[in-house]
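First comes the structure, then the notes that go with it.
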Amino acid sequence: MSTLKEQIKLVPHSKGNALTFIHQYLAQNDVRQKTVIDVSAGSGYVANLWHKAGATVRAFDMHPDILRSDALTCSPIDLTKPLPIASNSADYVLLMETIEHIPDQASLLKELARILKPNGLLIITKPNNSSMSGRMANVWVEAERSDMFLSNEAEVIGYDDQHLYNGRVYLCNVQRLRTMASLAGLRYRAVYANQVSVSSLVWFVFFGAYLYLRSFLTFKKMTKHAHNDREKEVLREQHQLNTHPTVLLHKHLCIVFSKL
């Protein structure tokens, strides 16, 4: 495990918890002969993992020359425009550490749903601003962490001075992401555990019971005014996601959606 941790530390502009999740996912799922499209491939670490697991991988990135792989090539892509990828062509689509940089997330999710095969899976990883720590940081400074402000117009991130992109200006919470995905024809499947946040755990000790009670009372109140079973089902899913232990306590959000 120490070797894996050291290996992950060397991957530029990636979150260790997200990469660990991919390692665990591939260890638990047979992806041989599956078609995988990575639309934010970066240096290619994740794309290479899927390739080594037996999947057929197509890699895309805003800066395709960043990819480092002996087996894969990377094509340019602009995630703010219609994607140059055929409909119903992927068993998996990977969007890692990227959605928080995209202004029109609803349109992007529709495009990702389009290129997925029926029952195909969309895997998204992003900073977990829906954790207890993230929710409290929003109270103090309206950001994902209380020790930093929200990304601003002066902040530019890049692999180097020639490969730049915006900061996390468009960070969305898990509820908004679930709803946008649903509108795109995707169904929430699961969130995956990664690393418990100590600060989230502390906040949960003080406010966890109230959060559960408040969410439950809101769910019961709104259910009374629901017009049909579908509305009730959606409200129940929102309540369950709002109080999900992994969402509340873990540092990163690793979430999977399936195409309807």
Where do Leu121 and Arg189 land on the side-chain contact (heavy atoms from CB on, under 4.5 Å) test, with the steps shown first? CA-CA 9 Å; Leu121 300 180; Arg189 285 282 299 271; 3.3 Å; yes
Given Lys15 and Asn194, is the side chain to side chain donor-acceptor pair (under 3.5 Å) satisfied, shown in steps? CA-CA 11 Å; Lys15 297 293 185 181; Asn194 44 91; over 6 Å; no
Trace of the side-chain contact (heavy atoms from CB on, under 4.5 Å) decision for Ile85 with Ile37: CA-CA 9 Å; Ile85 303 171; Ile37 295 179; 3.5 Å; yes
Working for side-chain contact (heavy atoms from CB on, under 4.5 Å), residues Leu211 and Leu248: CA-CA 10 Å; Leu211 184 149; Leu248 294 177; 4.1 Å; yes
side-chain contact (heavy atoms from CB on, under 4.5 Å) between Thr56 and Val36, intermediate numbers included: CA-CA 6 Å; Thr56 299; Val36 179; over 6 Å; no
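Side-chain atoms of His101 come within 3.5 Å of backbone N or O of Gly167 as a donor-acceptor pair. Checking side-chain atoms of Asp78 against main-chain N and O of Met62 turns up no donor-acceptor pair under 3.5 Å. Without hydrogens or angle criteria, Arg214 side chain to Tyr212 main chain gives no donor-acceptor distance under 3.5 Å. When atom types are taken as modelled, the side chain of His250 and the backbone of Ser131 share no donor-acceptor pair closer than 3.5 angstrom. Listed for the Arg114 side chain is a donor-acceptor partner under 3.5 Å among the backbone atoms of Leu83. Ser89 contributes a side-chain N or O that, together with a main-chain N or O of Ala86, makes up a donor-acceptor pair within less than 3.5 Å. Within the 3.5 Å criterion, the main-chain N or O of Arg178 finds no donor-acceptor partner in the side chain of Ser182. Side chain of Asp61 to backbone of Gly42: a donor-acceptor contact under 3.5 angstrom is found.
Surrounding NE2 of His225 are more than 12 heavy atoms belonging to other residues, nucleotides or ligands, all under 6.0 Å away. By the neighbour-count criterion of 12 heavy atoms within 6.0 Å, atom CE of Met136 is densely surrounded, having more than that number from other residues, nucleotides or ligands. Within a 6.0 Å sphere centred on CG of Asp70, heavy atoms belonging to other residues, nucleotides or ligands number 12 at most. For NZ of Lys117, the number of neighbouring non-hydrogen atoms (other residues, nucleotides, ligands) closer than 6.0 Å is greater than 12.
Judged purely by distance below 3.5 Å, without hydrogens or angles, the side chains of Asn119 and Ser258 never pair a donor atom with an acceptor atom. Side-chain contact of Ser215 with Asn242: a donor-acceptor pair under 3.5 Å is present, judged by distance alone. Donor-acceptor pairing under 3.5 Å is recorded for the side chains of Ser197 and Ser199.
Taken from OG1 in Thr98 to CD in Gln105, the straight-line distance is 11.0 Å, to the nearest 0.5 Å. We find the CG-CG distance between Leu112 and Leu186 to be 8.0 Å, quoted to the nearest 0.5 Å. Note that the CG atom of Leu94 and the CD1 atom of Ile22 stand 6.0 Å from one another [nearest 0.5 Å]. Considering CG of Asn129 and CG of Leu171, their distance stands at 3.5 Å, rounded to 0.5 Å. Within the model, atoms CG of Leu253 and CG of Leu177 stand 7.0 Å from one another, a figure rounded to the nearest 0.5 Å. Annotation: the span from Leu49 atom CG to Leu26 atom CG amounts to 6.5 Å, rounded to 0.5 Å.
The hydrophobic cluster containing Leu67 does not contain Leu95, counting ILVMFWY residues as joined when their side-chain heavy atoms lie under 4.5 angstrom apart, directly or transitively. Residues Leu241 and Met180 share a hydrophobic cluster, clusters being chains of Ile/Leu/Val/Met/Phe/Trp/Tyr side chains in contact below 4.5 Å. Cluster membership check: Val196 does not share its hydrophobic cluster with Val198, using side-chain heavy-atom separations under 4.5 Å among Ile, Leu, Val, Met, Phe, Trp and Tyr. Cluster annotation: Ile255 and Tyr170 are assigned to distinct hydrophobic clusters (Ile/Leu/Val/Met/Phe/Trp/Tyr, side-chain heavy-atom contacts under 4.5 Å, transitive). Taken together through direct or relayed side-chain contacts under 4.5 Å among Ile, Leu, Val, Met, Phe, Trp and Tyr, Ile99 and Phe21 form parts of separate hydrophobic clusters.
Nearest heavy atoms, Ser40 versus Met96: OG-N, 3.1 Å. Scanning all heavy atoms of the two residues, the minimum distance from Thr246 to Asn128 falls at O-ND2, 4.1 Å. Scanning all heavy atoms of the two residues, the minimum distance from Asn88 to Lys259 falls at OD1-NZ, 2.8 Å. For the pair Asn17 and Lys251, the tightest heavy-atom approach, listed with the atom from each and the gap, is ND2-CB, 3.8 Å. Taking all atoms of both residues into account, the shortest heavy-atom contact from Gln175 to Gln238 is NE2-O, 2.8 Å. The minimum heavy-atom distance between Thr125 and Cys254, with the atom names listed, is CG2-SG, 4.1 Å.
Looking only at side-chain heavy atoms (C-beta outward), Arg135 and Asn138 stay at 4.5 Å or farther from each other. Side-chain atoms of Leu109 and Ile124, non-hydrogen and from C-beta on, do get closer than 4.5 Å to each other. With a 4.5 Å cut-off on side-chain heavy atoms, Val39 and Leu79 count as touching. Using a 4.5 Å heavy-atom threshold, the side chains of Lys224 and Lys232 count as separate. Counting only heavy atoms from C-beta outward, the side chains of Pro127 and Arg145 never approach each other to under 4.5 Å. The shortest side-chain heavy-atom distance between Val93 and Ile115 falls under the 4.5 Å cut-off. Here the side chains of Ser43 and Val11 are in contact, with some heavy-atom distance below 4.5 Å.
Qualifying salt bridge (charged side-chain N to carboxylate O under 4.0 Å, His left out) partners for Glu231, counting only residues two or more places apart in sequence or in other chains: none. Listed by chain and number, the residues in a ring pair (Phe, Tyr, Trp, His ring centres under 6.0 Å) with Tyr45 are His23 (sequence neighbours excluded). Partners of His244 by ring pair (Phe, Tyr, Trp, His ring centres under 6.0 Å), not counting sequence neighbours: none found.
A salt bridge links Arg230 with Glu233: at least one charged nitrogen is closer than 4.0 Å to a carboxylate oxygen. Salt-bridge formation is detected for the pair Glu144/Arg168: a Lys NZ or Arg NE/NH1/NH2 atom is positioned less than 4.0 Å from an Asp or Glu carboxylate oxygen.
Using bins of under 30°, 30° to 60° and over 60° for the plane-to-plane angle, the ring pair Tyr92/Tyr25 lands in the perpendicular bin. Taking the six-membered ring where tryptophan is involved, the planes of Tyr188 and Phe257 are perpendicular, since the angle between them exceeds 60° and thus also 30°.
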